[in-house]
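Inspection log for the structure reproduced underneath, given as structure tokens.
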Amino acid sequence: MTSDDAREAEPEGAEQLALIRETVRRARGPRARPRTWRGAPLAEELPVARVLVDKGLLHLDRLFDYAVPAAMDAEARPGVRVRVRFGAGEREGRREGGGLINGYVVERRAGSDFPGTLAPIAQVLSPEPVLGAQLLGLCQAVADRYAGALADVVQLALPPRMARAEKKPSPDPLPPPPAPEPGGWARYGNGPGLLAALADGGGPRAVWTALPGPGWPDELARALAAALASGRGALAVLPDGRAAARVDEALTALVGRGRHVLLTADAGPEARYRRWLAVSRGAVRGVVGTRAAAFAPVRNLGLAAIWDDADSGHADDRAPQPHAREVLALRAAREHTALLVGGHARSVEAARYVESGWAQAVAAPRETVRAAAPLVRTVGDSEQARDAAARAARLPTLAWQVAREGLRAGPVLVQVPRRGYAPRLACARCRAPARCARCAGPLVGEGRGAALECGWCAAREDAWRCPECGGTRLRAQVVGARRTAEELGRAFPSVPVRTSGRDHVLARVPDAPALVVSTPGAEPVAEGGYAAALLLDGWALLNRPDLRAGEEALRRWLTAAALVRGAADGGVAAVVADPAQRPVQALVRWDPAGFAGTELGERAELGFPPVSRMAAVWGPPEAVTPFVGAAELPPSTEVLGPVPAPDPAAGPRGAAAPGGSWERVLLRVPPGHGSALAAALKAAQAARMARRTGPPLRVRIDPPDIG
């Protein structure tokens, strides 16, 4: 036998030897339970604890066995937080080396299959069981769906421990409240029936297209109250803290205090953990919160609801980047609970629920919609006849007219897609984009006469010169919210101008003439509703190279226009965009359901999500192609790419580092094969991380932008 023959035979012999060892191990059964650890006694019954270590690495995505000292027998229960040794000893087949790391006891057992010596649990951090079996199962389902590590999902689901909060007892649970009256749900054809089903203990699944106006927080609160009235739990997930606070206020008015909690980051770590413990202990059964609240351990959950599910705030930016809608859908299926997906707009995913029959649509009659919605005007033929530059102007005559008339009756909302002053600049002579000399990022202006700064690396540019033509003068390609407020302030000098954006978000504005300039998602609520709204720079939303550009533009417009008074009260919304575009027409008709259905039909023909399932793989060219080739993908997988792409985690706009080069591959599978795709990518990534070879790669299931 040659040396080459020997090398080829080695793997087969090794596999046979491993098979023999595994057969012998199974024949012997689990190892006898340990009795002592270096002379210290261990627990008499179930002396082995299976522990989930808080180490979010795919190649370590499993449970590890540890011995339970007798002194910790009573406290080391399933679900509690512990400290264990983990690290160097693993490579030697022992668990006595390494540093201390946090973990969670998942199970107590009589014996272990681990061939080495079990190290004991070093410390029980708290006797409070925080990771129950139901929550653990949900976290595992989310990890499997998104090809992530279980420890990463658990980290998203559990708030940080606060010892003082654990020492305080939770209040005794209150009796269920009475079933609420239909209230605003009477305006929807099957709205009262939905509330009745929830109050009777049913589990309906519904996609709710909310009417414009200020009534949606009360309507959502009534759905939660109906589930609470049945003696079950209720959970609502909102895209931001302001929306959550409105629903919290409405639910408190319906059921009083003490039956639900508000889980948002605004409460602070200790207060948030204290409220979370009240839910975990069963003291309260109602939860209103932001995306992390989707994992709240509500006992006997009866309703899981999400508002404005297409909002980007529902997608977590930490691995494995789950979406709250999908978490709640998984939870509804696992816990056999009701699901309510609501919003002024309808996402394509929600339209898919309705089209497949998995959920029922809840919407108001067209007559009711027309009465509640404002009159939507756009730049049509009549405006172009009076104003030849109507299509090209940022503020055509129609916009000035709507603003002027609206200010006579109350506040006017002005929605601008971009924040800042001038977020995109170009050479005034040749129109070449103004770029940073250091990293080639876009130069931005933060105010009239202010120095230029790079939008990526924040470097100052004191003496910019165009590399194409040598010009030194700049013009704004895109105008931000602050620049818009400045221009409107000069046009209406006697009217107060307020701004609302990422750095300073207004919650409410009074019912008085004022111009309120806001970026999408930061629109404050006006007392009595806005008299008018201007939806500017529609091209910036519609022309994005993104599959969801039209859907997102319509969602932002509907959200802003829903704050305007109804047409019967003189409310008007003017959208500055091409009237021939389908999202503009859907806004004029106020038909989000029809638009979502049409989008879903087109994506079905093209094989795009949500009809299909997709995954994206980012990384350097020398790593992406071998990774995709080595992964045992389902036979139905269609590989799209690779194409040049920026690193999605580098820079504020996802820019690759200077000199860096990344590629992206999209993997598409038909319905029913998404789990197999996620499992294959997770296994391939785990094997790659275990070998510790090659540059980093990023894998994401259901990437938000695939344009």
Side-chain angles (χ1 to χ4, degrees), residues 212-213 344-345 369-370 372-418 479 481 483-485 487-489 491-492 495 497-500 509 513-520 522-524 526 528-543 550 552-592 595:
H344 294 300
V369 174
R370 282 194 290 267
L375 173 65
V376 179
R377 300 181 62 185
T378 185
V379 183
D381 295 335
S382 59
E383 283 75 20
Q384 292 183 61
R386 294 192 301 268
D387 182 4
R391 281 184 181 269
R394 182 168 185 262
L395 283 168
T397 302
L398 171 66
W400 292 111
Q401 177 185 348
V402 170
R404 192 177 301 110
E405 294 176 356
L407 287 171
R408 297 193 184 106
V412 174
L413 175 65
V414 182
Q415 186 192 70
V416 182
R418 300 180 186 272
V479 176
R483 172 71 177 270
T484 302
E487 293 176 353
L488 292 173
F492 299 96
V495 177
V497 180
R498 297 182 174 90
T499 59
S500 181
V509 294
L515 288 165
V516 182
V517 182
S518 171
T519 52
E523 299 91 351
Y530 288 97
L534 304 181
L535 311 175
L536 303 183
D537 300 336
W539 60 269
L541 296 175
L542 294 173
N543 292 344
E552 178 65 10
L554 179 60
R555 186 191 70 82
R556 293 184 178 187
W557 292 338
L558 287 170
T559 301
L563 300 173
V564 181
R565 302 165 189 169
D569 297 324
V572 179
V575 55
V576 182
D578 183 0
Q581 294 280 353
R582 192 164 63 204
V584 180
Q585 290 297 311
L587 175 65
V588 171
R589 298 191 306 271
W590 206 276
D591 185 23
F595 177 85

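- Rounding to the nearest 0.5 Å places CG of Asp591 at 9.5 Å from CG of Leu558.
- Nearest approach of Gly406 to Val412, heavy atoms of both residues: C-CG2, 3.7 Å.
- Counting heavy atoms of neighbouring residues, nucleotides and ligands inside a 6.0 Å radius, atom CZ of Arg370 exceeds 12 of them.
- For the pair Leu398/Arg377, a side-chain contact is recorded, criterion being any heavy-atom separation below 4.5 Å from C-beta on.
- A salt bridge between Arg555 and Glu552 is present, with a side-chain N of the basic residue lying under 4.0 Å from a carboxylate O of the acidic one.
- Looking at Pro396 and Val576, their side chains come closer than 4.5 Å, going by heavy atoms from C-beta outward.
- For the atom pair Leu554 CG and Leu541 CG, the distance stands at 10.5 Å (nearest 0.5 Å).
- For the pairing with Ser518, the side chain to side chain contact (heavy atoms under 4.5 Å, CB included) check across Val509, Leu413, Thr499, Leu563 returns one residue only, Leu413.
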Check your understanding: Yes or no on side-chain contact (heavy atoms from CB on, under 4.5 Å) for Asp537 and Val416, after CA distance, side-chain angles and deciding distance?
Key -> CA-CA 7 Å; Asp537 300 336; Val416 182; 4.1 Å; yes
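- Contact detail for Ser500 and Ala522: the closest heavy-atom pair is OG-O, 2.6 Å.
- By the 4.5 Å heavy-atom criterion applied to side chains, Trp557 and Gln415 are counted as neighbours.
- Closest of all the heavy-atom pairs between Arg556 and Pro520 is CD-CB, 3.5 Å.
- Using modelled atom types, one side-chain atom of Arg565 and one backbone atom of Gly528 make a donor-acceptor pair closer than 3.5 Å.
- For the residue pair Ala586 and Phe595, the shortest heavy atom distance occurs at CB-CB, 3.8 Å.
- Considering Leu587, Val376, Val414 in turn, Leu587 is the only one that fulfils the side chain to side chain contact (heavy atoms under 4.5 Å, CB included) rule with Leu535.
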Practice item. Before giving the answer on side-chain contact (heavy atoms from CB on, under 4.5 Å), spell out for Asp578 and Leu542 the whole-Å C-alpha distance, their side-chain angles and the decisive distance to 0.1 Å. Key: CA-CA 9 Å; Asp578 183 0; Leu542 294 173; 5.7 Å; no
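- Taking CG of Leu407 as the start and CG of Leu488 as the end, the distance is 9.5 Å to the nearest 0.5 Å.
- Closest non-hydrogen pair, Gly213 versus His344, comes out as O-CE1, 4.2 Å.
- Minimum interatomic distance between Val584 and Ala577 (heavy atoms only, all atoms of both residues): CG2-CB, 3.8 Å.
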